[in-house]
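Shown next, in structure tokens, is the structure this report addresses.
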Amino acid sequence: QVQLLESGGGWVQTGGSLRLSCEASGRTFSNYVTGWFRQAPGKERRIVAAIDWSGGSTYYVDSVKGRFTITRDNAKNTVYLQMNSLKPEDTAVYFCAAGRPNTYSTGTYDYWGQGTQVTVSS
């Protein structure tokens, strides 16, 4: 089992920045792909970004490319999502997930955190 705990959410004005953290405990975290997902009210949960076990390969949904950066520090069992130039449409609950998906965007992630709220005001 892998337990995931997100932190770093909050309220920010348009154009601001936040850094989310996903800290893992349990089984060897560095063996897994880690993704950040988000779910806005009334909408489905969708992937935002993902990173492979080494940090050498990343994926971003088009709407966040150039604004968000996903990184990981396996020594600290932590994955980060740096979010810059935030927009009101980025408002959502952000979830961290880990697994061995066959594709970053549509594969299955086995372990999920509880989520952290990000609110961007206009």
Side-chain angles (χ1 to χ4, degrees):
Q1 285 282 10
V2 175
Q3 292 79 41
L4 303 173
L5 181 63
E6 303 97 335
S7 62
W11 178 90
V12 66
Q13 290 186 323
T14 297
S17 298
L18 287 172
R19 188 176 80 156
L20 305 183
S21 298
C22 172
E23 185 173 0
S25 59
R27 300 183 71 176
T28 306
F29 184 55
S30 60
N31 290 344
Y32 297 97
V33 169
T34 305
W36 283 99
F37 293 73
R38 66 186 179 189
Q39 186 169 20
K43 295 188 177 181
E44 293 184 351
R45 186 166 57 189
R46 295 187 180 276
I47 192 163
V48 174
I51 189 167
D52 75 344
W53 68 273
S54 71
S57 174
T58 57
Y59 166 87
Y60 298 95
V61 69
D62 285 347
S63 59
V64 307
K65 285 181 180 177
R67 300 189 298 123
F68 291 11
T69 303
I70 188 170
T71 57
R72 72 187 301 154
D73 184 340
N74 287 333
K76 295 182 178 180
N77 285 340
T78 303
V79 171
Y80 304 97
L81 185 68
Q82 178 67 43
M83 306 186 295
N84 298 328
S85 302
L86 283 162
K87 305 175 181 180
E89 51 263 44
D90 295 317
T91 295
V93 178
Y94 283 70
F95 298 88
C96 173
R100 296 190 177 99
N102 54 353
T103 62
Y104 289 150
S105 59
T106 61
T108 299
Y109 290 76
D110 301 304
Y111 307 104
W112 292 85
Q114 294 298 308
T116 185
Q117 176 71 46
V118 171
T119 303
V120 185
S121 67
S122 58

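These values consider heavy atoms only, across backbone and side chains, with no hydrogens, waters or symmetry-generated copies. Values in this document were obtained by computation on a predicted structure and should not be read as measured data.
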Answer yes or no: is there a donor N or O on one side and an acceptor on the other, between the side chain of Gln114 and the main chain of Glu6, under 3.5 Å? no
Can you give me every donor-acceptor pair (side chain of residues 41-52, partner residue at least two apart or in another chain, under 3.5 Å) with its distance?
{"unit_1": "Asp52", "atom_1": "OD1", "unit_2": "Ser54", "atom_2": "N", "d": "3.3"}
{"unit_1": "Asp52", "atom_1": "OD1", "unit_2": "Ser54", "atom_2": "OG", "d": "3.3"}
{"unit_1": "Asp52", "atom_1": "OD1", "unit_2": "Gly55", "atom_2": "N", "d": "2.8"}
{"unit_1": "Asp52", "atom_1": "OD1", "unit_2": "Gly56", "atom_2": "N", "d": "3.0"}
{"unit_1": "Asp52", "atom_1": "OD1", "unit_2": "Ser57", "atom_2": "N", "d": "3.2"}
{"unit_1": "Asp52", "atom_1": "OD2", "unit_2": "Ser54", "atom_2": "OG", "d": "3.3"}

Side-chain donor or acceptor of Gln39 paired with backbone N/O of Val93 under 3.5 Å: no
Could you work out, with side chain to side chain donor-acceptor pair (under 3.5 Å) as the rule, every residue matching Asp90, not counting sequence neighbours? Arg38, Arg67
Given side chains that start at C-beta, do those of Val79 and Thr71 come closer than 4.5 Å, heavy atoms only? no
Does the side chain of Leu86 reach to within under 4.5 Å of the side chain of Phe68, using non-hydrogen atoms? yes
In chain order, what residues pass the side chain to side chain donor-acceptor pair (under 3.5 Å) check against Gln117, with sequence neighbours excluded? Thr119
Please round to the nearest 0.5 Å and tell me the distance separating atom CD of Glu23 and atom CG of Asn77. 7.5 Å
Hey, could you give me the CH2/SG distance between Trp36 and Cys22, rounded to the nearest 0.5 Å? 5.0 Å
Provide the full list of side-chain hydrogen bond (donor to acceptor under 3.5 Å, both in side chains) pairs with a residue in residues 9-22, sequence neighbours left out, each pair given once. Ser17-Asn84
Exam field: side chain Thr91 to backbone Pro88, donor-acceptor pair closer than 3.5 Å: yes
Closest heavy-atom contact between Gly107 and Asn102? CA-OD1, 3.5 Å
Which residue pairs satisfy the salt bridge (charged side-chain N to carboxylate O under 4.0 Å, His left out) criterion with at least one member in residues 69-88, sequence neighbours excluded? none
Please report the closest heavy-atom contact between Thr34 and Cys96, naming both atoms and the distance. CG2-SG, 3.8 Å
Working note: Leu81 + Thr69, criterion side chain to side chain contact (heavy atoms under 4.5 Å, CB included); need CA distance, chi angles, decisive distance, verdict. CA-CA 6 Å; Leu81 185 68; Thr69 303; over 6 Å; no
Please check if the number of heavy atoms outside Gln82 that lie under 6.0 Å from its CD is greater than 12. yes
Could you measure the distance from the CD1 atom of Ile70 to the CE atom of Met83? Nearest 0.5 Å is fine. 11.5 Å
Student check: side-chain heavy atoms of Arg100 and Val33 closer than 4.5 Å: no
More than 12 heavy atoms of other residues, nucleotides or ligands under 6.0 Å from CH2 of Trp53: yes or no? no
Applying ring-ring contact (aromatic ring centres under 6.0 Å, His included) as the test, list every pair that has at least one member in residues 71-111; sequence neighbours left out. Tyr32-Tyr111, Phe37-Tyr109
Contact summary for Ala24 and Val2, nearest pair of heavy atoms: CB-CG1, 4.1 Å
